[in-house]
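A short worksheet on the structure shown next.
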Amino acid sequence: MVEERDENLQAADGKNESAETQNNSVENTQPEAQASAEEAIEKSEDEHVKLLSEKSVDEVVDEIEQHVASESEEDKEIHETQPEEEHIPLLSYKDFEIPALLNEAKSLLESYPVQKIKKHFDEIKSAFEDKVYQLTQEFKEAHPDADTVDLKIPEIKELKFVFKDYKNKLYAYRKEIQERLEANLKKREDLIDELKHIIDSTEYSFDERIKKFKDIQKQWRTAGSIPRAKYTDIWQTFKHHEERFYDLLDLDRDYRDKVFQENLAQKQAIIDEAKKLLDDDDVHRTFKELQMLHKKWKEETGPVAREYREKIWEEFKAVTKQIHDKRRDFYKKLKEEFADNLVKKQEIIEKLKELTAEIPETHKDWQQKIKRVEALREQFYQLGFVPKKNREEIWDAFKSTIKEFNKHKNNFYKSLKELQKENLDKKMALIKIAEELKDSEDWETATQKFKEIQEDWKKIGHVPRKYSEKIWQQFREACNYYFDRYYAHKRSEKSEEYENFIKKKDYFTKLKEQFKDADGEAGYTIDDIKKIVAEWKTLGYVPDNKHYINVKFNKFINNLYDKLHIDKRELSFLKFKNTVDQYLEDENYRKLDSEKRYVRQKIESILKEIEQLENNMMFVKSDDDNNPFKKEAEKNLTKNKEILDFWKKKLQYLESLDY
């Protein structure tokens with residue numbers, strides 16, 4: 001019923017919010033995968049300068065030993081009781097408002113071990129202090145005469161309490177660790193004293209010494225971590241007395257050789273494990289495994305026979321050097337990749353800046369641009385890391401560019417929402433018109449009005465999505481209601497028109513019978529013909545496919561006119577008028593307009609002919625009345641003026657018609 005349905009930005013309205021939200025997310029967080037990988041290599045990357053330089057075997061081993069000592073403070077018992085470690089995203093907290101910082105701090109403190117969130121809390125505290133300073137400066141500028149600063153943000157006080165709670169928990173954790181390390185140190189010192197005692201004492205038999213020594217070794221291996229500062233000294237002291245103990249074994253060389261052989265097998269097994277690490281491409285894992293092997297070498301294996309002592313150690317150092325060199329080569333390649341990533345990310349940022357500089361004006365253009373920005377953003381994330389010194393700079397540049405893009409986008413959609421609100425008001429006004437007219441029986445006026453408001457509806461544009469379908473249904477129902485009534489009326493008219501056709505057909509048959517003998521002198525006048533035509537018109541319209549009855553009638557009337565002894569021009573005009581009147585009755589306005597154009601063209605042609613004749617007469621002597629050319633020209637001029645009057649009469653009649 002309605003000529004054309006307006007889909008009303010169904011898809012567009014549904015994407016506005018999602019497009020906006022999707023792009024805003026980049027402002028608040030780095031990609032999780034990137035942050036996770038960064039944590040994994042952060043410590044190693046700080047050592048790039050050391051790693052990329054050539055080192056001797058002893059320098060490499062010393063470096064490993066330092067790592068082993070630095071990790072000796074880690075309490076295995078504590079870590080074994082904690083759940084499996086998970087990645088904690090490090091967000092861009094400087095973009096958070098104070099309430100968001102409070103929520104994040106509380107969530108971290110409730111969800112993760114306190115020792116795992118130090119970096120997060122340092123960043124949150126720094127962002128909090130910057131935000132408070134900024135707000136304080138703004139308050140002072142707005143209230144220059146105020147004695148005190150009152151930001152009226154209750155979250156500030158609550159966040160300070162969270163910081164204090166975090167600090168207390170971190171202190172308690174560190175205190176617990178330190179107490180446990182000190183207890184483990186005391187345990188190891190006691191084991192050394194016990195070892196010294198069984199060496200120096202004479203109260204034990206050989207078998208008793210062996211049994212107690214093995215028990216001390218077992219306890220030593222499970223004694224736990226100790227303070228880093230004491231690690232080397234305590235280990236060397238234990239090894240010294242361990243070697244003293246083995247010196248006692250000279251009393252039983254077979255037993256000593258057996259122990260040396262067992263220790264040699266253990267050390268060889270460690271070397272074999274180290275060699276397997278050469279096939280592992282994960283340099284971070286292999287480096288940690290290598291440290292554990294060195295720690296195992298020192299803490300869990302005893303001395304070997306002197307002839308193997310240097311050889312076995314050199315073999316272990318050589319494998320250690322190979323693993324180190326592989327790690328160094330990895331970081332050389334990584335450094336090159338980071339530099340390449342930096343260049344590529346800078347290029348992406350430039351492309352983003354170009355896209356941001358071109359501000360679209362339509363929703364469709366914005367959606368296309370958002371997709372392009374999303375593709376570039378994904379490329380940026382997929383590229384990986386850049387050199388650490390450039391990391392914050394490149395991230396800030398990327399984030400600020402995205403933020404600028406989002407600002408333009410959000411401004412557009414904000415203005416779009418305002419425009420859609422105006423469109424909603426306009427469409428509601430059209431709905432009001434449609435509902436007021438839907439019961440009208442002024443078919444011609446109402447139909448035209450409905451067509452106009454349908455066209456207006458299409459031109460108005462989009463409305464807020466939540467109203468779109470509802471108002472469209474309301475408008476469509478009003479239009480459909482009217483056009484259902486209109487077409488029902490038309491159908492009833494068609495039935496009436498067919499009845500008119502039957503009447504005209506009967507009347508026409510009667511006329512033909514009445515005038516069938518009028519071959520000579522007409523037994524009727526012009527007035528009689530006019531009465532016949534008037535009667536015909538009263539019979540009404542006929543269906544479009546029955547218009548031939550009117551054509552036959554006009555031909556019949558023209559034949560009647562031809563039998564009257566009247567002036568030819570008058571007869572021609574009567575026929576013209578009869579034809580035109582029939583066009584009007586049939587509402588054939590196209591034919592009427594065509595006839596009007598033809599008459600005007602004819603008048604213009606006659607005017608040109610008259611003008612040409614008048615020009616020609618200027619060359620004929622005016623005092624020579626017998627000049628045949630002058631007589632012919634005057635005759636033609638008079639004739640054309642008469643013809644002109646006749647055609648003007650036709651035009652006048654056409655223009656008098658109301659259609």
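It should be emphasised that the depicted structure is a prediction, and the values quoted were computed from it without experimental measurement. Residue indices begin at 1 and follow the sequence shown.
The pair Lys371-Glu374 does not count as a salt bridge, with every side-chain nitrogen at least 4.0 angstrom from each carboxylate oxygen. With respect to the salt-bridge test (charged N to carboxylate O, under 4.0 angstrom), the residues Asp325 and Arg328 qualify. Taking the charged nitrogens against the carboxylate oxygens, Lys333 and Asp329 have no contact shorter than 4.0 Å, which rules out a salt bridge.
In this structure Glu158 satisfies the salt bridge (Lys or Arg N to Asp or Glu O under 4.0 Å) test together with Lys106, sequence neighbours excluded. For Arg285, the salt bridge (Lys or Arg N to Asp or Glu O under 4.0 Å) test picks out Asp280, Asp282, with sequence neighbours left out. Scanning for ring-ring contact (aromatic ring centres under 6.0 Å, His included) contacts around Trp297 gives Trp313, Phe316, with sequence neighbours left out. With sequence neighbours left out, Lys344 forms a salt bridge (Lys or Arg N to Asp or Glu O under 4.0 Å) with Asp340. Glu155 meets the side-chain contact (heavy atoms from CB on, under 4.5 Å) test with Ile98, Pro99, Leu102, Ile153; sequence neighbours excluded. Scored by the ring-ring contact (aromatic ring centres under 6.0 Å, His included) test, Phe213 finds Phe245, Tyr246 as partners (sequence neighbours excluded). In this structure Ser126 satisfies the side-chain contact (heavy atoms from CB on, under 4.5 Å) test together with Asp130, sequence neighbours excluded. With sequence neighbours excluded, the residues that form a ring-ring contact (aromatic ring centres under 6.0 Å, His included) with Phe163 are Phe128. Evaluation of the salt bridge (Lys or Arg N to Asp or Glu O under 4.0 Å) rule for Lys169 yields Asp165 as partners, not counting sequence neighbours. Listed by chain and residue number, nothing satisfies the side-chain hydrogen bond (donor to acceptor under 3.5 Å, both in side chains) test with Lys196 (two or more places apart in sequence, or in another chain). Partners of Glu182 by side-chain hydrogen bond (donor to acceptor under 3.5 Å, both in side chains), not counting sequence neighbours, listed by chain and number: Gln178.
Within 6.0 Å of CD on Glu392 lie no more than 12 heavy atoms contributed by other residues, nucleotides or ligands. The local environment of NZ in Lys125 is sparse, with at most 12 non-hydrogen atoms from other residues, nucleotides or ligands closer than 6.0 Å. For Lys214, the NZ atom is loosely surrounded, since the number of other residues' heavy atoms within 6.0 Å does not exceed 12. Summarising the local packing, NZ of Lys369 is surrounded by more than 12 heavy atoms from other residues, nucleotides or ligands at distances under 6.0 Å. Heavy atoms of other residues, nucleotides or ligands lying less than 6.0 angstrom from CD of Glu307 number more than 12. Atom CD of Gln261 has 12 or fewer neighbouring heavy atoms from other residues, nucleotides or ligands inside a 6.0 Å radius.
The aromatic rings of Tyr93 and Phe96 stand perpendicular to each other, their planes meeting at an angle above 60°, with 30° marking the opposite boundary.
The six-membered or imidazole ring of Phe330 lies near that of His284, with a centre-to-centre distance under 6.0 Å. Between Trp235 and Phe238, the distance separating the two ring centers is not shorter than 6.0 angstrom.
Scanning both residues, Ala105 and Val162, for their nearest heavy atoms gives CB-CG1, 3.9 Å. Residue Gly224 comes nearest to Arg188 through the heavy atom pair O-NH2, 3.0 Å, listed as atom of the first residue, atom of the second, then distance. Residue Ala339 comes nearest to Pro387 through the heavy atom pair N-CD, 4.0 Å, listed as atom of the first residue, atom of the second, then distance.
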Determine all donor-acceptor pairs shorter than 3.5 Å in which one atom belongs to a side chain in residues 264-276; sequence neighbours excluded.
| residue | atom | partner | partner atom | Å |
| --- | --- | --- | --- | --- |
| Lys267 | NZ | Thr301 | OG1 | 3.0 |
| Lys275 | NZ | Glu315 | OE2 | 3.3 |

(Q) What verdict does the salt bridge (charged side-chain N to carboxylate O under 4.0 Å, His left out) test give for Glu123 and Lys119, after you've listed the backbone C-alpha separation in whole Å, the side-chain angles of each residue and the deciding distance to 0.1 Å? (A) CA-CA 6 Å; Glu123 293 285 341; Lys119 191 171 185 179; over 6 Å; no

Q. So His324 and Arg327, side chain to side chain donor-acceptor pair (under 3.5 Å) or not? Walk me through it.
A. CA-CA 5 Å; His324 171 273; Arg327 183 165 172 256; 5.5 Å; no

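Proximity of a side-chain donor or acceptor of Lys298 to a complementary backbone N or O of Lys239 within less than 3.5 Å is not detected.
The side chain to side chain contact (heavy atoms under 4.5 Å, CB included) test with Phe405 is passed by exactly one of Ile370, Asn410, Ile359: Ile370.
Glu404 and His408 are linked by a side-chain donor-acceptor pair at a separation below 3.5 angstrom, with hydrogens and angles left out of the test.
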